[in-house]
Amino acid sequence: MNSSKVIFINYFCIAQPFFMNLITNLKQSTANCIQQLYGVQIQPEQVLVNATKPEFEGDYTIVLFAFVKQLGKSPDTLGNELGAAMIADMQGVLTNYNIVKGFLNFTISNAFWFDFIKNATPNNLLSTTSTPKKIMVEYSSPNTNKPLHLGHLRNNFLGWSIAEILKLQGNEVVKTCIVNDRGIHICKSMIAWQLFANGATPADTNQKGDHFVGDYYVKYNDAYKAQVAELVAGGMTQEQAEKEAPIQKGAQEMLLKWEQGDAATMDLWKRMNSWVYEGFDTTYKKIGSDFVKTYYESNTYLLGKELVEQGLNKKVFYQKEDSSVWIDLTGDGLDEKIVRRKDGTSVYITQDIGLAQVKQKEFNTDASIYVVGDEQNYHFKVLKLICQKLQLPAADGIYHLSYGMVELPTGKMKSREGTVVDADDLVEAMIQISKEKTESLGKVSEFKEAQLTALYNTIGLGALKFFLLRVDPKKKMIFNPEESIDFHGFTGPFIQYTHARIKSILRKTGTDISLTVSELLPLEKGLAIELSNFQAVINEAAETLDPSKVAIYTFNLAKLFNSFYNELSIANAESEDKKNLRIQLGILTAATLQKGMRALGIEVPEQM
RNA sequence: GGUUCGGUAGCUCAGCUGGAUAGAGCGUCAUCCUUCUAAGAUGAGGGCCAUUGGUUCGAAUCCAAUCCGAAUCACCA
């Protein structure tokens, strides 16, 4: 069992494209023909259908080895009998077959692909599922003591993209955010502000609010380290000094006051958080994150207490002598886990159980996806298990979309040590680079200032988003700030460029066309085949919650189009028929690139 | 120590429900703008798919063991 291959949702009826699904039909036909020829029952799913390798003749290949033994036929005999039977079975679709060492290659008829090209439109390339679900995607989860960094960007882009992909299938998606706005770390920046700010505000220093507050979090840590060093120099042990540092004690007192609802503390807390939220809003707007509902931990941290009582009654939980409450998960291969402290307060897992129930009551979703880093894999495993044992209605719908950390070549990012790649800085840098590149190419000289600004944003963010989404979410990734993110090759701008290039051609040729049958050249057919795969890619990305599948697909499609573009002229095609056919392929490719990139949260320009 | 996830070209990554000669991008080298946008295309070079054993007609892919790296196993969140 490999948990990394867990399928998010198995749709009873997944979205099917408007055209006949060739692969499904090939499998079915194989099973039918084997039944007819040899009277042996085979499940269509057992049949392996691949795209034929370019060095062989054909479009799709059926692998015969699996049946050779079962049917007691040589690969050649089986191939010939099956090939002939299937061509009769799928008349008009299959035209030819050949056999190479147990691989049965079929050529699909020109008419089939032409029909696909003719009937496809930007609007029917994707169709929606007949069994839509209501799905919550919780992502972003910022802390209010520091600004967003590169890791948050991966989270935000992933969450957004997953939501878009699920929407493409016709599901209803509810995007939510849980803000970690309380706790000792928040008090640390608060006390540092009290000590060092002299009443300064973000407006005074002309800073974004989240950065302003983040600076005090760093100042706290600097002061803390200095105090500890001083105490150690005065003869204390390191351990003692870490406990006794005055600023640390101050933060703890402040947390106590906060929990007691002390007016002055609450005022300061609200004030500083409002600065941070202002900063976050700017960033979210810039990167395109939004939420239907934002939950605040200051409101949710006491949740789950009732559920502890229920759990005790149901004997899911048990109480220790010191009156703390636990659950024993050793039977499930995990540990014992505390769910309520001896003083009666909730722990992290308890509030999450409570929050899961609150969200379920408020939105009544079929599933809830938590976009959270892989360091919390264990936590979410436990969360789901406890919810299931409590028989909460939300339990089975909990999915943890676990993603790997973004690391620097020097190792993990640490905000306390200042080794973080700041989200705002990085976004700005990307936009700046896209500006420089665009200017040096000089292709948009007629653009007005506002158009240029929009274009730089589109390209800069496109490069950044694509960079973070093109790799498998569950893998950790390394970001090297020394090497800027690329604009060539397997990148967002490459695909944006291909789209703009197609649009440029279509502006010249017009799109008012009527199609008449013509022979398809290999590159034309190749594009048609790739376009016909779009729905399957979206389905797979949704089932595995993996946007990188879409990134890879859009890249391959763009690459294929660029080869096509290089070899064949559209505007000056050999004949009017060819010209119209290629215009149609251009329309479909541009639309597919646009939708695919949209699913990654990336816009594509008309011109660049 | 237990659990989980990784190890594929110099670098960053695909491929992993077993199938034909393991693929991209970057970087390197070489071609192609008087012809629809060169942020492009074409080609060359680059590999003991961590190691060993097993299953199979067939293994990067499945199984077992080993080595290396990461995360986690808090009355922090």
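Proteins get letters first, then strands, A, B, ... in listed order; numbering begins at 1 in each.
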inquiry  = What's the gap between B:G40 and B:A22 when it is taken at their P atoms, as a whole Å value?
reply    = 28 Å

Q) Between B:A70 and B:C33, how far is it from one C1' atom to the other, in whole Å? A) 48 Å

Just N and O in the side chain of A:Lys475: are any of them under 4.0 Å from OP1 or OP2 of B:A14?
yes

Atom CG of A:Asn50 and atom P of B:C16 are separated, to the nearest Å, by 11 Å

Once you measure the plane-to-plane angle for A:Phe490 and A:Phe466, does it fall in the parallel (<30°), tilted (30-60°) or perpendicular (>60°) bin? perpendicular

TODO: Would you check if the side chain of A:Ser74 reaches a backbone N or O of A:Thr77 as a donor-acceptor pair within less than 3.5 Å?
DONE: yes

Counting only side-chain nitrogens and oxygens, does A:Lys69 get under 4.0 Å of the OP1 or OP2 atom of B:C57?
yes

key: Spacing of the C1' atoms in B:A24 and B:A41 (rounded, Å)   = 15 Å

N/O (side chain, A:Arg501) to phosphate O (OP1/OP2, B:A38) under 4.0 Å:
yes

Taking only side-chain nitrogens and oxygens of A:His488, does any of them come within less than 4.0 Å of OP1 or OP2 of B:G40?
yes

TODO: Look at A:Thr509 and B:C36 and indicate whether a side-chain polar atom (N or O) is within less than 4.0 Å of OP1 or OP2.
DONE: no

Would you mind checking if A:Arg341 and A:Asp343 are paired as a salt bridge, meaning a charged N to carboxylate O distance below 4.0 Å? no

Under a 3.5 Å limit on both distances, the Watson-Crick or wobble mate of B:G18 is none

The residue among A:Leu523, A:Leu521, A:Asp577 that forms side-chain contact (heavy atoms from CB on, under 4.5 Å) with A:Arg582 is A:Leu521

May I ask you to verify whether the side chain of A:Asn105 and the base of B:A20 hold a donor-acceptor pair under 3.5 Å? yes

Item checked: Distance between P atoms of B:U55 and B:A60 (Å, rounded) -> 16 Å

Margin query: Looking at B:U37, I'd like to know if its phosphate oxygens (OP1 or OP2) sit under 4.0 Å from a side-chain N or O belonging to A:Lys508.
Written below: yes

message = Between B:U17 and B:C13, how far apart are the two C1' atoms, rounded to whole Å?
response = 22 Å

In Watson-Crick or G-U wobble terms, with both distances under 3.5 Å, the base opposite B:U51 is B:A65

Given the C1' atoms of B:G25 and B:U8, what is the spacing between them in whole Å? 15 Å

Comparing A:Glu336 with A:Asn143, nearest RNA chain B nucleotide closer to 5' gives the residue A:Glu336

Under a 3.5 Å cutoff, is there a donor and acceptor pairing between the side chains of A:Ser402 and A:Asn377? yes

| said: Looking only at the aromatic ring of each residue, does the gap between the centers of A:Phe65 and A:Phe103 stay below 6.0 angstrom? | reply: yes

Answer for the Watson-Crick or wobble partner of B:C26, both distances under 3.5 Å, is B:G10

- Cation-pi between A:Lys384 and A:Tyr399: NZ/CZ under 6.0 Å from ring centre and within 45° of the ring axis? yes

Among the nucleotides B:A14, B:C5, B:A41, whichever has the atom closest to the side chain of A:Lys474 is B:C5

(request) Report yes or no: is the cationic atom of A:Arg182 (NZ for Lys, CZ for Arg) closer than 6.0 Å to the six-membered ring centre of A:Tyr301, at no more than 45° off its axis? (result) yes

Assign each of A:Lys381 and A:Lys437 the nucleotide of RNA chain B bearing its closest heavy atom; nearer the 5' end lies the nucleotide of A:Lys381

Query raised in the report: Counting just side-chain N and O atoms, does A:Tyr565 come under 4.0 Å of either OP1 or OP2 of B:A38?
Result: yes

_Rounding to an integer number of angstrom, what distance separates B:A50 and B:G7 when you compare their P atoms?_
8 Å

When both distances are under 3.5 Å in a Watson-Crick or G-U wobble arrangement, the nucleotide paired with B:G40 is B:C32

Taken to the nearest whole Å, CG/A:Asn377 to P/B:A71 is 13 Å

_Please determine whether any donor N or O and acceptor N or O are separated by less than 3.5 Å between the side chain of A:Asp322 and the base of B:C75._
yes

With A:Arg501 as the cation and A:Tyr565 as the aromatic partner, state whether NZ or CZ is under 6.0 Å from the six-membered ring centre and within 45° of the axis.
-> yes

At under 4.0 Å, does any side-chain N or O of A:Arg341 touch on OP1 or OP2 of B:C76? yes

Among the nucleotides B:C36, B:A20, B:G40, whichever has the atom closest to the side chain of A:Ala571 is B:C36

With syn meaning chi within 90° of zero and anything else anti, the base of B:C33 is syn

Note: contacts of residues 52-62 of chain A with RNA chain B (heavy atom, under 4.0 Å) are A:Lys53, A:Phe56, A:Thr61

**Q.** Distance between P atoms of B:C11 and B:G54 (Å, rounded)
**A.** 31 Å

When both distances are under 3.5 Å in a Watson-Crick or G-U wobble arrangement, the nucleotide paired with B:U72 is B:G2

